[in-house]
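The basis for the numbers below is simple: all heavy atoms, side chains too, and nothing from hydrogens, waters or symmetry mates. For ligands, and for the atoms within them, numbers begin at 1 and follow the listed sequence.
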Amino acid sequence: MSSFVTHLEAAIDGTRLDHRRLQTLHADRPLVVRYDLDAIRSTVDRARIEAREPTMWRYRELLPVEEKENIVSLGEGMSPLIRAPRLARELGLEELLIKDESQLPTGSFKSRGLSMAVSRAKELGVERLAIPTAGNAGGALAAYAARAGLEAFVFLPADAPCVSVGEAQLLGAHVYRIDGLITDCAAIVAAGKEVMKWFDLSTLKEPYRIEGKKTMGLELAEQLGWRLPDAIFYPTGGGTGLIGMWKAFAELEALGWLEDTKRPRMYACQSATCDPIVRAFDAGERHAEEVQDAQTLASGIRVPRAIGDFMILDAVRESGGAACRAGEEELIHWMERCCELEGISLCPEAGACLSSIAELLRAGKLSADASTVVFNTGAVQKYIELLPPPPPEIKDAAAIDWKQLKAQASRNHSFSSSR
Ligand SMILES: *Cc1c(COP(=O)(O)O)cnc(C)c1O
């Protein structure tokens with residue numbers, strides 16, 4: 001192997017940095033990976049990629065790992081792109097596709113970024129990793145660190161979903177619950193660098209998690225016959241996935257691999273109670289102010305301040321999309337409707353996307369015939385706190401009272417009403 005990476009580039013001012021060394025930020029802002037796309041074009045084509053194994057590593061020429069044996073993998077990627085006709089009808093769309101990331105290792109798309117970041121960290125000689133997380137990134141880091149034989153430290157808000165806490169512990173990480181938000185966890189990880197000798201894998205504080213999440217955009221293009229949809233709805237916290245996909249589309253276009261170079265409109269969806277990107281978008285700003293008292297049941301997008309704010313906002317604006325906010329009740333409502341109508345385990349974060357679609361359609365800002373893709377970034381069963389209460393127990397299994405059983409079926413029908 002050996003990669004096609006040429007250098008790392010500072011997103012804020014284009015400064016070039018050496019990719020063969022462990023790098024973090026430049027001027028306190030993120031780095032992106034640049035490749036020799038001409039060399040990639042003459043080495044591989046779409047047909048060869050299509051014939052490869054169904055994981056994100058099928059795009060290896062467009063990824064930064066140098067040596068194959070350094071890849072730390074659990075088979076992540078190539079998640080299904082599922083048609084959701086009943087949900088589409090209820091929303092008022094002609095067609096809706098859901099890219100279902102709930103089926104990835106540890107039940108969320110965080111596995112893509114952490115598979116890549118842990119692979120590169122290992123390749124560059126790191127032995128001890130640390131991460132601040134709202135939940136899902138902690139489980140994913142724990143899994144890939146275990147797989148790589150590296151040590152992992154995970155810091156989460158004390159009120160993070162309990163599955164994320166137990167999962168990271170079970171997967172062998174040192175887990176700490178902090179009385180505060182993800183920003184407080186991030187401050188601890190940053191402060192401990194010297195004394196604890198760990199490498200900080202925070203969102204966008206190293207360049208490789210984006211490259212993992214970029215594969216969502218590569219897969220989407222391939223699954224649509226190397227075409228892109230009209231609109232993409234993405235639940236946005238730190239924004240790695242949105243930034244990564246936008247980068248993927250540019251690389252695919254430069255490679256000449258797209259059948260049609262029309263880019264999708266990117267919609268960054270947030271909760272109305274933690275909406276820094278939406279506020280900055282509405283105000284016409286390139287940087288977002290930190291939101292105080294950030295609260296939302298969609299814990300993965302409970303990110304009051306994003307270090308890559310300008311990268312998210314640039315991509316959204318360049319695409320002709322928008323930043324949208326969803327009320328808590330609405331995002332839970334649409335999460336439940338997707339589960340009930342389609343059998344897809346949709347997380348509350350993706351509920352914010354569905355709610356934003358409903359809102360934009362109502363306002364006439366999205367047309368019913370737009371080809372629309374929603375990223376379901378995680379599995380709802382990781383949020384035990386949001387599951388409906390269990391039904392009453394049947395005491396005598398040998399003597400079922402059918403009238404009572406039927407009565408219970410009608411009560412259970414919509415669990416939204418039972419919570
Ligand atoms: C982390 C997370 C997000 C936000 O992802 P970013 O790429 O950091 O914006 C959305 N949904 C879920 C389920 C998450 O875990």
Side-chain angles (χ1 to χ4, degrees), residues 30 79 98-114 116-117 131-141 143 154 156-157 160-161 163-164 167-168 182-183 185-186 201-206 208-217 232-248 266-271 274-278 288 294 296-309 311-313 315-316 323-324 326 331 335 338 344-354 356 374-383 386:
S79 63
I98 297 183
K99 179 86 170 137
D100 189 13
E101 300 283 302
S102 74
Q103 303 185 31
L104 264 59
T106 68
S108 90
F109 74 153
K110 290 294 196 298
S111 45
R112 293 180 189 269
L114 286 154
M116 194 65 64
I131 202 164
T133 169
N136 287 324
L141 171 63
V154 170
L156 339 82
V163 171
S164 298
E167 172 188 60
I182 189 171
T183 35
C185 298
L201 284 178
S202 297
T203 297
L204 296 170
K205 289 191 184 167
E206 58 76 56
Y208 300 112
R209 283 177 68 184
I210 301 186
E211 295 303 293
K213 289 225 187 149
K214 169 180 100 172
T215 60
M216 292 189 292
I232 290 178
F233 287 79
Y234 180 81
T236 303
T240 346
L242 191 145
I243 296 165
M245 282 194 272
W246 195 242
K247 180 173 187 284
M266 305 296 284
Y267 292 90
C269 305
Q270 299 199 303
S271 158
C274 182
D275 59 352
I277 299 299
V278 189
T296 169
L297 292 169
S299 47
I301 52 175
R302 190 177 167 202
V303 180
R305 182 181 68 224
I307 188 173
D309 51 4
M311 300 163 85
I312 303 170
L313 287 156
V316 165
C324 315
L331 68 87
M335 173 194 89
C338 179
I344 294 172
S345 171
L346 189 107
C347 63
E349 292 82 357
C353 296
L354 297 173
S356 300
V374 164
F375 277 81
N376 176 31
T377 42
V380 71
Q381 61 268 35
K382 292 197 75 180
Y383 305 72
L386 300 183

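Ligand 1 lies less than 4.0 angstrom from a heavy atom belonging to Phe109. Not a single heavy atom of Glu101 sits under 4.0 Å from any atom of ligand 1. The closest approach between any non-hydrogen atom of Ser108 and ligand 1 is not below 4.0 Å.
Nearest heavy atoms, Pro235 versus Ile301: C-CG2, 3.7 Å. The minimum heavy-atom distance between Ser356 and Cys269, with the atom names listed, is OG-SG, 3.6 Å. The two atoms that bring Ser202 and Ile131 nearest to each other are N-CG1, 4.4 Å, heavy atoms only. Nearest heavy-atom pair across Ser299 and Ala134 is O-CB, 3.2 Å. For the residue pair Ala137 and Arg209, the shortest heavy atom distance occurs at CB-NH2, 3.9 Å. Of all the heavy atoms in Thr236 and Gln270, the pair that sits closest is O-NE2, 3.0 Å.
For atom 12 (C) of ligand 1, the closest non-hydrogen atom on the protein side is Thr377 OG1, 3.3 Å. For atom 14 (C) of ligand 1, the nearest non-hydrogen atom of the protein is Lys110 NZ, 3.0 Å.
For a threshold of 3.5 Å applied to N or O pairs, the pair formed by Gly238 and ligand 1 contains at least one separation below that value. Between Gly300 and ligand 1, no pair of N/O atoms sits closer than 3.5 Å. Ligand 1 has no nitrogen or oxygen under 3.5 angstrom from a nitrogen or oxygen of Cys347.
At a heavy-atom cutoff of 4.0 Å, ligand 1 is contacted by both the backbone and the side chain of Thr240. At a heavy-atom cutoff of 4.0 Å, ligand 1 is contacted by the side chain of Tyr383 but not by its backbone.
Close approach of ligand 1 to Tyr234 (heavy-atom distance below 4.0 Å) involves ligand atoms 5 (O), 6 (P), 7 (O), 9 (O). Atoms of ligand 1 lying under 4.0 Å from any heavy atom of Gly237, numbered from 1 in the order shown and given with element: 4 (C), 6 (P), 9 (O). Short contacts between ligand 1 and Asn136, defined as distances under 4.0 Å to a heavy atom of the residue, involve ligand atoms 13 (C), 14 (C), 15 (O). Per-residue contacts place Lys213 under 4.0 angstrom from the following atoms of ligand 1 (heavy atoms of the residue considered): 5 (O), 6 (P), 7 (O), 8 (O). Against a heavy-atom cut-off of under 4.0 Å, Thr236 is close to the following atoms of ligand 1: 9 (O).
Ile98 CD1 to Leu346 CG: the interatomic distance, rounded to the nearest 0.5 Å, is 6.0 Å.
The side chain to side chain contact (heavy atoms under 4.5 Å, CB included) search around Ser79 returns Lys99, Glu101, Leu104, Arg112, Glu219, not counting sequence neighbours. In terms of the side chain to side chain contact (heavy atoms under 4.5 Å, CB included) criterion, Val303 has no residue partners (sequence neighbours excluded).
Considering Met245, Lys213, Glu211 in turn, Lys213 is the only one that fulfils the side chain to side chain contact (heavy atoms under 4.5 Å, CB included) rule with Thr240.
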